[in-house]
There are 2 protein chains.
Amino acid sequence: MAPKAYYSIHPKFHVSVDCIIFGFEDGELSLLLLKRNFEPARGQWSLMGGFVEEGESTDAAARRVVAELTGLNDLYMSQVHTYGAPDRDPGERVVSVAYYALVDIKKYNRELVDAHNAFWVNLPEVPPLIFDHGTMVEDALRFMRYQASVKPVGINLLPEEFTLTQLQTLYEAIFGQSMDKRNFRKRIASMDYIEKTGRVDKTMSRRGAALYRFNPDKYHEQSIFKI
Amino acid sequence: MAPKAYYSIHPKFHVSVDCIIFGFEDGELSLLLLKRNFEPARGQWSLMGGFVEEGESTDAAARRVVAELTGLNDLYMSQVHTYGAPDRDPGERVVSVAYYALVDIKKYNRELVDAHNAFWVNLPEVPPLIFDHGTMVEDALRFMRYQASVKPVGINLLPEEFTLTQLQTLYEAIFGQSMDKRNFRKRIASMDYIEKTGRVDKTMSRRGAALYRFNPDKYHEQSIFKI
DNA sequence: ATTTTAAAGTGTAAAAACAACACTTTAAAC
DNA sequence: GTTTAAAGTGTTGTTTTTACACTTTAAAAT
């Protein structure tokens with residue numbers, strides 16, 4: 001057995017999660033940020049966060065915290081990095097684990113967001129954030145871009161059914177560069193896990209655009225590394 | 001100011017670091033593992049780890065822990081992931097941040113390693129490890145491979161000066177696949193930050209092989225993502 | 001009924017990157 | 001001077017990526 005002293009001679013710290021919540025609307029990525037009407041750092045902008053509770057995993061804490069703010073329970077989420085500088089929170093020592101989440105911006109619970117005094121802010125207009133939250137956003141964006149470059153996580157920012165124009169606009173926003181329509185569609189056509197639903201979206205054009213969906217059964221992750 | 005209760009109503013946990021220490025010898029990657037002659041889990045295999053102390057960042061704790069075992073202070077290290085399941089350590093709740101380190105296996109301090117009852121184990125022969133350390137190793141290997149595929153971190157596993165044959169053998173070990181000698185050398189030749197030193201290594205062949213080194217001044221990270 | 005409009009949809013050719021492939025050179029050891 | 005074993009070196013075919021502009025469609029306006 002482990003001697004009690006093995007653990008007890010060492011300090012304990014608060015552990016928190018901070019969530020970088022991405023949305024997509026009108027061709028732009030945005031973040032859900034709190035304008036804090038509570039302490040500490042009242043009046044400043046921050047990420048949504050919370051403390052990890054007894055018996056709760058850090059992953060579960062991140063899901064709880066995002067659900068408290070958005071009302072959404074089954075989001076795509078991924079751990080980004082852990083921030084462990086002793087003075088990162090000026091109040092007390094808090095080790096914080098950052099997660100990013102991808103939200104279909106049509107679906108979040110507006111009342112909850114308003115109640116938290118939270119706002120969707122377009123990425124280029126993100127204000128200075130408290131503590132190391134600005135660094136967290138940079139790291140999360142880099143990591144989300146990486147993941148979006150190797151697997152179709154970006155689709156979690158769109159409705160279940162989406163047009164190819166929507167999809168292209170999304171990827172242009174994620175990678176910050178415009179893409180050739182024909183080349184983009186050729187690439188999508190080669191992905192059998194993105195399939196036509198047969199339905200047509202008429203909201204964006206008179207002609208109508210074919211709706212597609214992601215088929216998870218046809219998607220098999222592949223990881224091939226090269227130097 | 002932050003009300004005291006803001007923090008104090010929340011629990012605190014032990015925070016530890018666990019280190020996946022990679023070495024390279026005889027064409028194989030290996031890990032430095034402890035055969036634990038101490039509690040908890042005496043007699044089992046584990047990663048080198050330790051608790052984060054007051055006033056110490058998690059990064060600093062990881063460096064300290066690796067230095068305690070190897071005597072080496074300036075290793076390439078990178079945070080991998082944080083493991084926060086409430087029952088991951090059967091003794092008490094411990095949130096653990098994993099880091100990987102790359103060691104030039106010629107340089108570590110043998111006395112320290114022996115004193116810790118630690119051994120270099122070739123990757124395919126890694127035994128079952130305690131707690132979630134096996135998962136940590138898988139995650140670290142995947143992440144190290146990814147990093148090695150986008151930047152020349154692998155070079156930290158070699159001496160300052162190395163031959164192209166050594167470098168190719170290293171990458172073959174990292175990616176688990178053999179590579180064409182001419183294509184490999186063409187790629188290296190296109191990397192101006194890997195430069196000939198003018199010296200020759202005579203230990204591996206009568207003819208001698210040119211020695212190369214990494215020139216950090218010529219290396220500029222580039223990150224371009226594509227879908 | 002015809003014309004206008006605005007987004008959806010479509011193919012080809014050049015360039016670049018990657019993959020496959022085998023012999024020559026060198027210097028020490030015998 | 002012959003042998004040995006690793007170091008070193010180019011070309012060609014294939015695949016992938018990029019650049020580029022017009023046609024189709026269906027509703028709205030006339």
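None of the values given here were measured: they were computed from a predicted structure. To find a chain, count down the sequence lines: A is the first, B the second, and so on, and within it residues start at 1.
- Toward the 5' end of DNA chain D, the nearer of the two residues Arg182(B) and Thr163(B), judged by each one's closest nucleotide, is Thr163(B).
- Nearest nucleotide to the side chain of Arg206(A), out of dA21(D), dA19(C), dA27(D): dA27(D).
- Around the CG atom of Asp74(B), the shell of radius 6.0 Å holds no more than 12 heavy atoms that belong to other residues, nucleotides or ligands.
- Remark: Lys181(B) is not in phosphate contact with dG8(D), judged by side-chain N or O atoms under 4.0 Å from OP1 or OP2.
- Here Arg88(B) pairs with Asp132(B) in a salt bridge; the nearest charged N to carboxylate O distance falls below 4.0 Å.
- Backbone-only engagement by Lys202(B) is indicated by non-hydrogen atom pairs under 4.0 Å involving sugar-phosphate atoms exclusively.
- Across the protein-nucleic acid pair, Phe184(B) atom CZ and dA7(D) atom C1' stand 14 Å apart, rounded to whole Å.
- Distance Lys196(B) NZ to dA7(D) P: 13 Å, rounded to the nearest Å.
- Rounding to whole angstrom units, CZ of residue Arg187(A) and C1' of dT16(D) are separated by 11 Å.
- Look at CG on Asp201(A): it is 15 Å from C1' on dT25(D), rounded to the nearest Å.
- Separating the CE atom of Met204(A) from the P atom of dT25(D) is a distance of 22 Å, rounded to the nearest angstrom.
- Using a 4.0 Å cut-off, some side-chain N or O of Arg185(B) falls inside it from OP1 or OP2 of dG8(D).
- Rounded to an integer number of Å, the gap from CD of Gln168(A) to P of dA7(C) is 14 Å.
- Of the two residues contacting DNA chain C, namely Asp180(A) and Ser205(A), the nearest-nucleotide position lying further toward the 5' end is that of Ser205(A).
- For an aromatic pair to be called close, the ring centres must be under 6.0 Å apart, and Tyr83(B) with Phe131(B) fails this.
- For the 3.5 Å distance criterion, the side chains of Arg213(B) and Thr197(B) fail to qualify, holding no donor opposite an acceptor.
- The base of dA27(C) has none of its N or O atoms less than 3.5 Å from a complementary donor or acceptor on the side chain of Arg207(B).
- Considering only side-chain N and O atoms, Thr165(B) lies under 4.0 angstrom from the phosphate OP1 or OP2 of dA7(D).
- Note: CG (Asn183(B)) to C1' (dC21(C)) measures 9 Å, nearest angstrom.
- Side-chain proximity of Ala209(B) to the nucleotides dT25(D), dA20(C), dG8(D) is greatest for dG8(D).
- As rounded to whole Å, 21 Å separates atom P of dA7(C) from atom CZ of Phe162(A).
- Ring geometry for Tyr193(A) versus Tyr219(A): interplanar angle over 60°, hence perpendicular rather than tilted (30 to 60°).
- Both Ala210(A) and Lys186(A) sit near DNA chain C, but only Ala210(A) has its closest nucleotide nearer the 5' end.
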